[in-house]
Amino acid sequence: MNAHSGVTMTASEPHVSALPLPAADAVARDHFRAGMAKLPAAVNIITSLGEDGRCGFTASAVCSVTDSPPTLLVCVNRSNQSHRAIATSQVLCVNTLAGPHHEALSMAFAGGVKAMDERFAGGEWTALATGAPVLTEATVAFDCRVTQMSSVGTHDVMFCEVLAIHEGGSSQGLVYFGRRFHHLG
């Protein structure tokens with residue numbers, strides 16, 4: 001019998017401590033950001049509709065959650081100018097960028113261009129189920145309804161049910177790694 005937990009263990013079972021581990025301090029913000037720069041990520045433009053029309057921003061914090069129901073998560077900084085529109089409309093589209101020709105569009109949506117109309121002028125757009133802008137040249141676009149939001153630090157994690165998919169046909173991809181773009185395909 002383990003004196004700490006009152007659990008009987010056999011010789012073949014690993015020792016499990018019932019004592020809580022001391023809480024570790026989180027790494028420093030700059031150290032975390034440097035580490036994240038070494039995590040390759042697809043480059044996406046997240047688009048939505050708001051009271052002022054179309055809006056969007058560049059994001060790499062996008063992840064598949066489950067295929068039943070088909071769900072993605074998208075992390076959105078609450079200070080981002082598109083946040084209010086997405087939170088209000090509860091719709092967004094994840095447009096995954098393709099190849100070197102999308103670098104300039106990514107930078108425009110990353111804040112290099114402030115006016116939303118000018119950002120959208122750099123691509124051809126359509127709409128699917130939700131009405132959120134879909135980039136016709138995207139490698140793939142996931143048209144979504146936001147079903148849940150959870151706040152963590154400066155961001156809201158939005159869980160998004162995929163209602164429609166557009167495949168642009170490109171066999172190229174664009175990833176961000178080491179604070180610069182890299183091309184796939």
Side-chain angles (χ1 to χ4, degrees), residues 33-50 52-65 67 70-87 89-146 155-185:
R33 292 173 67 98
M36 290 304 296
K38 295 179 180 178
L39 179 65
V43 180
N44 306 281
I45 294 176
I46 311 302
T47 56
S48 191
L49 298 169
D52 298 327
R54 301 183 296 183
C55 60
F57 63 98
T58 300
S60 59
V62 173
C63 179
S64 169
V65 176
D67 64 0
T71 304
L72 302 174
L73 68 76
V74 178
C75 299
V76 183
N77 191 315
R78 285 188 296 281
S79 68
N80 183 296
Q81 68 187 92
S82 298
H83 180 276
R84 191 181 93 223
I86 296 169
S89 70
Q90 298 286 288
V91 299
L92 62 77
C93 186
V94 175
N95 297 279
T96 303
L97 300 185
H101 61 288
H102 279 157
E103 286 184 33
L105 189 61
S106 171
M107 293 307 295
F109 276 86
V113 173
K114 296 297 179 198
M116 288 295 172
D117 286 343
E118 290 179 40
R119 291 181 186 187
F120 282 94
E124 290 186 31
W125 304 89
T126 189
L128 297 174
T130 69
V134 175
L135 181 64
T136 58
E137 293 183 330
T139 297
V140 64
F142 300 93
D143 191 32
C144 303
R145 170 181 51 223
V146 178
H155 286 63
D156 279 342
V157 180
M158 299 185 178
F159 293 89
C160 308
E161 184 177 9
V162 179
L163 302 180
I165 295 177
H166 167 78
E167 294 186 54
S170 176
S171 60
Q172 295 183 328
L174 186 63
V175 296
Y176 203 68
F177 173 76
R179 295 187 171 87
R180 48 179 246 219
F181 293 109
H182 298 271
H183 308 118
L184 301 176

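All residue numbers in this chain count up from 1 along the given sequence. This one's a predicted model, so the numbers in the text were calculated from it and none came from an experiment. Basis for what follows: all heavy atoms, side chains included, without hydrogens, waters or symmetry-related copies.
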Would you compute the distance between atom [atom1] of [X] and atom [atom2] of [Y] and round it to the nearest 0.5 angstrom?
X      : Y      : atom1 : atom2 : result
Met36  : Arg179 : CE    : CZ    : 11.0 Å
Ile86  : Asp156 : CD1   : CG    : 10.0 Å
Asn44  : Thr58  : CG    : OG1   : 9.0 Å
Arg145 : Thr71  : CZ    : OG1   : 10.0 Å

Whether the side chain of [X] engages the backbone of [Y] through a donor-acceptor N/O pair (distance < 3.5 Å, no angle test) should be reported.
X      : Y      : value
Ser82  : Gly56  : yes
Ser60  : Ala41  : no
Asp143 : Leu163 : no
Ser48  : Val91  : yes
Arg78  : His155 : yes
Thr139 : Gly173 : no

Ignoring hydrogens, what is the shortest heavy-atom contact between [X] and [Y]? Give both atom names and the distance.
X      : Y      : result
Val146 : Cys160 : CG2-SG, 4.1 Å
Gly99  : Gln172 : CA-OE1, 3.5 Å
Gly111 : Arg119 : CA-NH2, 3.6 Å
Val94  : Val74  : CG2-CG2, 3.8 Å
Cys144 : Thr130 : O-CG2, 3.4 Å
Ser106 : Val43  : OG-CG1, 3.4 Å

Mind checking whether [X] and [Y] have side chains closer than 4.5 Å, heavy atoms only?
X     : Y      : answer
Leu97 : Leu135 : yes
Leu49 : Arg54  : yes
Asn77 : Phe57  : no
Ile46 : Val76  : no

Arg33 atom CZ, neighbour heavy-atom count above 12 within 6.0 Å: no

Val62 vs Phe142, side-chain contact (heavy atoms from CB on, under 4.5 Å): CA-CA, chis, key distance, verdict: CA-CA 11 Å; Val62 173; Phe142 300 93; over 6 Å; no

Chi angles and distances behind the side-chain contact (heavy atoms from CB on, under 4.5 Å) call for His183, Leu174: CA-CA 5 Å; His183 308 118; Leu174 186 63; 3.5 Å; yes

Derivation of the side-chain contact (heavy atoms from CB on, under 4.5 Å) call for Cys55 and Arg84: CA-CA 10 Å; Cys55 60; Arg84 191 181 93 223; over 6 Å; no

Polar side chain donor-acceptor pair, His102 to Glu137, under 3.5 angstrom: yes

Parallel, tilted or perpendicular, as decided by the 30° and 60° cut-offs, for the rings of Phe109 and Phe120: perpendicular

